[in-house]
Amino acid sequence: MSQNESDENKISVEQVQVVTPPLSVVVSDDETDSATTSQELRKVVDALQNTVKQNGQDQTQSAPQQDESSQEDDAKQACTQPEQEIKDLSDEVAAVEISNTNITSEEVEIVPPTPGTPPFSTEEEALEDDTYTGNNVTLDNVDIKLIQPNLLEPREQEKADEPMLRGIRHLFNNRFMKAKRLFETKASSDPLYALGLGSMAFLKAILTSNEAGTKDAIDVLTTTYNIATAQIDLVTKKSVGDSIMQYMTSYYNYIKFARASGGLPSSPKPATLKTIKSDQITFASNGVLRAHVAKAESCLQIAILQLLQENVMSYVKCGINIRRAYASYSLVWQEYKRMGQLHHNYIDEDTLSGIQFGIGAVHLVLSSLPQKVLRVVSAFGWKADKHLGFALLKLCLEGKRVRSPMASLMLLAYYTTLTSFCPQILSDEYTQPAIETLLDAQRTYPNSAFFLYFAGRVSRLARNLILSSQSFTYAIEISKNEWAEVEVLQLCSYENGFNHMMQHQWEEAGTLFNNLYKDRYWSPAILRYLNGACLEMAGQHTEAILAYAEVPELAGSKTHSTALIEKYIIRKVTSFQESGYQDMSMSLGAFEFIYLFVGFDFMDMGLLEKSINTIDSALEVIAEAEKSEFTIRTRELLPDTPPPQYSNQRGVLLLMKAALLNAIGQHKDAIIHLNWIIDQKESITTESWLVPFAYWESGVTSWGLDNKQRSRALWETALSFNNYDFEYRLSMRVNLAITKAEELGFMKANPPPPKHKTLVKKEGDSIEGGQPRTEYNLDDDIRRVPISYINMHL
């Protein structure tokens, strides 16, 4: 992008002053000569820590962050649920020191990181650069009949898998083609190497979010599943009938063990050296256990890709694959626990880290899903335990084996995604762990574009949008001339565009979205709409109209979640066209998009105040239009002009104003605006999402007023609506908030006897797109206000 190379980024600015000695850590051979790049990324993380500290001092109205001792207590508590199994896990956790650096208290400007060229560490790795294979990740022409059994012992396997570990280091140091070439050497016969290719395709599919990339990744992972299954069958000599019986048995055991152990597979009595000899105990071979873990991880990655498609059929398929994955993980876990203290003699370290990663990831993924989706995804008899997920993934991290960087990505994705969905409820809990995970990852992989992307996401959580944009830009620069260059460029450019919107830099944001539209990234219709919305905010109304006019012809995404957003923007553009684009000044499309994708909570206070003023100006336009139309009705009898109907436009503006007031901390000032939306719910006909989002925002208001039990009740009401725009996104937010409320002891209570007029659904009434299934009594804090509220703007 041209703006990434602007003169502003070349201006010499003051360096960050680190007052503590640099960290003394052991890094892999790849990174020994990349100190400069490591220092640059370290600046990002250090500055991010400083931003969090400053925000903690400035945001006096928000809940105080936990101190270090309470964080340690939470970590200990996380490793004791369920008590016996997590205790066994916590005994294995090695102490990992994470040193926190301090930054001078003076405000300093951060020098944008500049990419360096990672050197080759050994002659062997340098030779791997000689030839490259194609850019597409495929696993074709695999003959299952040629698969050979794996009879290697654990130490032999670890020696044989050294190229795999080297390939992982290449992958997370942006040497993607070298990693791909290493994986391809054995991918047609070895399930772990095939999984390496599958993981590359998986990451690319996550970056692109398009149907073709997802299909390619699922194809490679399915082939990996078949290779692993063939290798297992060769050793166990199963027939077709035996395979069916084994599947039924493993599924039965999976349900039984899961229900009995609170999320962990059952743990049989561990063997000792004496009992092994006396009872002639035997264990499954390391090759079989290794293949089972690769098979399970293939299913897990397929399930995550299906989950992101956000439609019912994909949820069903996701549930099937998660059950398959957990069945294989359960088998390996039981063998591992049977081995007891002697497990080192029977299982290699990469297979052990694979169990920790897999079971931990399953628990984190399922714990974050809303109940509506969870009911479709699974018929699990156990409740997902996020604390167990954290404990297992941290064990995987500390092992520094093949799955360690994927465990880091899983943790960072969990922290940033959940906090982005529900910042006012979860930011204090997850922002600091996200920074610590990022700091740990950058010690080993200082150049990784994947971790730089998450540095940008974490910086945004800390309300440091400048640092966030610098991280995204650095990720673009460091990925040039490599396998994922286009994908990283487009993803990070979109994130930079969203940052520009939150900073009211409308022209810069519009330019980025226009470039992405021309590149046909993600959804051309959505990007063209965003381009038009930014042009409108920049005062270029003619150009905005021309951009809006193209949107309906560009829609047609086959991805369900994207198609739903396209449906929303087409309705917005259609409403503009029906009014001859005269009502554009009453609808702030850019602000609306920022609100729906949770951007207000990451803007600084000055921009939040400026946004409120902009919304007030739009409300005045509506008031003037109403006044003019009412004036006509005072002069003419039965005029041709219909009565003014601006409830939809006013409702959206008032909801955004309430959200901005909540972000600032002025929760009481938000009450009157939310009351108006709920009072006028019958007249809100086109914006189907408005009323359920108003109940969500009312819960946030009550949370800020320290009435958390009432927040829980309001969020439950929000869940009672269905079939409206962005239902999945709101369900995610409500589920996370309710889960947090339950952790604090605020459980669902029976509704009290009605004290005020209730929101009762009358027979024959309709609210387009959203019909409450239950009754809710409005509370004292959210009181009804008279319809004459409109007169405040007349």
Side-chain angles (χ1 to χ4, degrees), residues 567-568 571-572 574-575 578-579 583 586-588 592 595-596 615 618-619 621-623 625-627 629-630 633 641-659 670-702 710 713-727 730-731 734 751 754-794:
K567 181 180 177 181
Y568 155 79
R571 193 185 70 249
K572 301 295 291 187
T574 301
S575 68
E578 289 174 350
S579 67
D583 293 346
M586 302 178 186
S587 300
L588 303 176
E592 201 170 319
Y595 170 73
L596 289 169
I615 289 175
L619 287 169
V621 172
I622 294 177
E626 286 178 328
K627 183 177 180 180
E629 293 174 19
F630 275 123
R633 306 188 80 77
T641 306
Q645 309 227 345
Y646 297 107
S647 296
N648 293 287
Q649 294 95 324
R650 176 180 274 113
V652 173
L653 292 172
L654 292 177
L655 178 64
M656 291 192 294
K657 185 172 182 178
I671 291 176
I672 191 171
H673 307 304
L674 297 169
N675 282 337
W676 189 93
I677 297 169
I678 295 173
D679 287 344
Q680 302 300 313
K681 65 185 181 64
E682 300 296 342
S683 62
I684 296 173
T685 56
T686 59
E687 303 296 344
S688 60
W689 56 276
L690 193 52
V691 175
F693 272 79
Y695 277 107
W696 157 259
E697 210 62 51
S698 298
V700 175
T701 298
S702 294
R710 191 140 314 141
L714 289 162
W715 290 329
E716 291 285 355
T717 305
L719 285 179
S720 68
F721 293 81
N722 57 10
N723 300 323
Y724 57 88
D725 295 328
F726 307 102
E727 180 179 0
L730 185 59
S731 296
V734 171
K755 294 186 292 185
H756 302 287
K757 186 175 179 181
T758 58
L759 291 178
V760 181
K761 182 67 184 171
K762 298 179 181 179
E763 188 174 353
D765 289 350
S766 64
I767 301 175
E768 181 180 334
Q771 298 188 5
R773 297 190 296 269
T774 59
E775 215 174 272
Y776 179 71
N777 298 316
L778 288 177
D779 228 282
D780 291 333
D781 282 349
I782 308 293
R783 298 182 300 275
R784 298 178 68 84
V785 295
I787 304 285
S788 58
Y789 174 87
I790 298 175
N791 295 331
M792 295 174 61
H793 296 286
L794 294 178

Colleague: Output, in order, the C-alpha distance, side-chain angles, deciding distance and verdict of side chain to side chain contact (heavy atoms under 4.5 Å, CB included) for L690 and N648.
Modeller: CA-CA 8 Å; L690 193 52; N648 293 287; 5.6 Å; no
Colleague: Give me the atom names and distance for the closest heavy-atom approach of I677 to A694.
Modeller: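 Nearest heavy atoms, I677 then A694: CG2-CB, 3.7 Å.
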Colleague: Can you tell me how far the CG atom of L730 sits from the CH2 atom of W715, to the nearest 0.5 Å?
Modeller: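 With rounding to 0.5 Å, CG (L730) is 11.5 Å from CH2 (W715).
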Colleague: Rounded to the nearest 0.5 Å, how far apart are CZ of R710 and OG1 of T701?
Modeller: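 One gets 12.5 Å once the value is rounded to the nearest 0.5 Å.
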Colleague: With a 4.0 Å cut-off, would you call E687 and K572 a salt bridge?
Modeller: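 Result for this pair is yes, salt bridge flagged.
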Colleague: Quick one: are V652 and W689 in side-chain contact, heavy atoms under 4.5 Å?
Modeller: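 In short, these two side chains touch, coming nearer than 4.5 Å.
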Colleague: Apply side chain to side chain contact (heavy atoms under 4.5 Å, CB included) to I622 and L653, showing your working.
Modeller: CA-CA 10 Å; I622 294 177; L653 292 172; 3.6 Å; yes
Colleague: Enter the distance from W676:CH2 to S647:OG here, rounded to the nearest 0.5 Å.
Modeller: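 If we round to the nearest 0.5 Å, W676:CH2 and S647:OG are 4.5 Å apart.
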Colleague: To the nearest 0.5 Å, tell me how far H673 NE2 sits from L619 CG.
Modeller: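 The CG atom of L619 is 8.5 Å from NE2 of H673, to the nearest 0.5 Å.
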Colleague: Looking at K567 and D725, is there a salt bridge between them, counting it only when a charged N and a carboxylate O are closer than 4.0 Å?
Modeller: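 No.
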Colleague: I need the minimum non-hydrogen distance between A625 and Y646, along with the two atoms involved.
Modeller: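 That would be CB-OH, 3.8 Å.
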Colleague: Go through the steps to decide whether Y595 and E697 satisfy the test side chain to side chain contact (heavy atoms under 4.5 Å, CB included), and finish with yes or no.
Modeller: CA-CA 11 Å; Y595 170 73; E697 210 62 51; 2.8 Å; yes
Colleague: Go through the steps to decide whether E592 and Y568 satisfy the test side chain to side chain contact (heavy atoms under 4.5 Å, CB included), and finish with yes or no.
Modeller: CA-CA 11 Å; E592 201 170 319; Y568 155 79; 2.6 Å; yes
Colleague: Please determine if R650 and E626 form a salt bridge, counting it only when a charged side-chain N lies under 4.0 Å from a carboxylate O.
Modeller: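 Yes, R650 and E626 are salt-bridged.
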Colleague: Which atom names give the shortest non-hydrogen contact between S702 and L714, and what distance separates them?
Modeller: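 So the two residues come closest at OG-CD1, 3.5 Å.
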Colleague: So, do L674 and L655 sit near enough that their side-chain heavy atoms are less than 4.5 Å apart?
Modeller: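 Yes, side chains in contact.
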